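Beneath this line is the structure, given in structure tokens, with notes to follow.
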Amino acid sequence: MMALDNLTLTLIGITLLFFILLFVKSLLENKKKFCVICLSVTLIWIILLTLYFLNIFTDKIVIVILMGHTSLGLYHIWEKKVKKKFLLFRLPYLLTSILIIYYIINGFAINSLYFILGLWVLFFVIYLFKNKRFATKLIECCRKW
């Protein structure tokens with residue numbers, strides 16, 4: 001019998017957790033409390049990350065891909081909930097989440113931190129001076145075409 005690889009086991013785990021959480025969600029009164037797919041992916045990478053730090057699971061690529069999905073999901077939640085004027089900060093927010101994921105997996109990198117801090121300062125200055133034309137272009141960068 002052929003052994004399953006890390007990716008296949010991860011996909012199976014996400015699928016099993018999806019159906020378990022879907023069942024749990026069906027029992028709850030307010031069915032909109034959480035996204036079953038998002039929670040399944042997030043729980044799996046948390047489990048795998050824990051196993052990684054315990055030297056039981058070694059496939060960082062699988063973990064990082066799943067963390068990236070959660071990061072992007074949180075970005076979209078933030079994007080929907082924040083006031084329009086704060087959409088200016090999309091890029092620093094997204095890059096900060098990438099930086100956090102990198103730090104968790106590979107450790108601290110001071111140059112990246114300096115860059116992100118500088119980016120936040122730049123965007124904050126743009127926000128303060130409210131250069132409407134430039135700020136509008138930044139806010140509308142991801143507009144649906």
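This one's a predicted model, so the numbers in the text were calculated from it and none came from an experiment. Computed over heavy atoms, backbone and side chain alike; hydrogens, waters and symmetry mates excluded.
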From S112 OG over to L95 CG, what is the distance, rounded to the nearest 0.5 angstrom? 10.5 Å
Does the T15 side chain pair with the main chain of L11, one donor and one acceptor, at a distance under 3.5 Å? yes
Distance only, no hydrogens: is a donor on one side chain within 3.5 Å (strictly under) of an acceptor on the other, for T10 and W45? no
I61 atom CD1, over 12 foreign heavy atoms within 6.0 Å: no
Enter the distance from I37:CD1 to I14:CD1 here, rounded to the nearest 0.5 Å. 10.0 Å
Step-by-step ring-ring contact (aromatic ring centres under 6.0 Å, His included) determination, F86 to W78: CA-CA 10 Å; F86 295 121; W78 172 82; 8.5 Å; no
Please find the pair of heavy atoms, one from S40 and one from V36, that lie closest to each other, and give the distance. OG-O, 2.7 Å
Hydrophobic cluster membership, with links at side-chain heavy-atom distances under 4.5 Å among I/L/V/M/F/W/Y: are F89 and L128 in one? yes
Can you measure from CZ (F115) to CG (L117) and round to the nearest 0.5 angstrom? 11.0 Å
Residue pair M67 / I101: nearest heavy atoms and the distance that separates them: O-CD1, 3.5 Å
Answer yes or no: is there a donor N or O on one side and an acceptor on the other, between the side chain of K25 and the main chain of F34, under 3.5 Å? yes
Tell me the closest heavy-atom pair linking L88 and Y127, and the distance in Å. CD2-CB, 3.5 Å
Between Y93 and E79, is the side chain to side chain contact (heavy atoms under 4.5 Å, CB included) condition met? List the steps. CA-CA 10 Å; Y93 179 87; E79 188 178 44; over 6 Å; no
Partner residues of N106 under the side-chain hydrogen bond (donor to acceptor under 3.5 Å, both in side chains) criterion, sequence neighbours left out: K60
Out of curiosity, does L72 fall in the hydrophobic cluster containing L87 (side-chain heavy atoms, cut-off under 4.5 Å, transitive links)? yes
Less than 4.5 Å apart, any side-chain heavy atom of Y52 and any of L48? no
How far apart are the C-alpha atoms of Y103 and F108, what are their side-chain angles, what is the distance that settles it, and do they pass the ring-ring contact (aromatic ring centres under 6.0 Å, His included) test? CA-CA 5 Å; Y103 285 172; F108 193 71; 4.9 Å; yes
Determine whether L7 and I65 fall in the same hydrophobic cluster, where Ile, Leu, Val, Met, Phe, Trp and Tyr are linked whenever their side-chain heavy atoms lie under 4.5 Å apart. no
Separation of I105 CD1 from F53 CZ (nearest 0.5 Å): 5.5 Å
Trace of the side chain to side chain contact (heavy atoms under 4.5 Å, CB included) decision for I63 with F57: CA-CA 10 Å; I63 298 169; F57 186 84; 3.8 Å; yes
Point-to-point distance, once rounded to the nearest 0.5 Å, from SG of C35 to CG of L39: 8.0 Å
The reported gap from CD1 in I116 to CG in L113 (rounded to nearest 0.5 angstrom) is 8.5 Å
Once ring-ring contact (aromatic ring centres under 6.0 Å, His included) is applied, do any residues pair with F19, and if so which ones, sequence neighbours excluded? none
Identify whether L21 and I46 are in the same connected component of the hydrophobic contact network (ILVMFWY, side-chain heavy atoms under 4.5 Å). yes
ILVMFWY cluster, L49 and I100 together (side-chain gap under 4.5 Å): yes
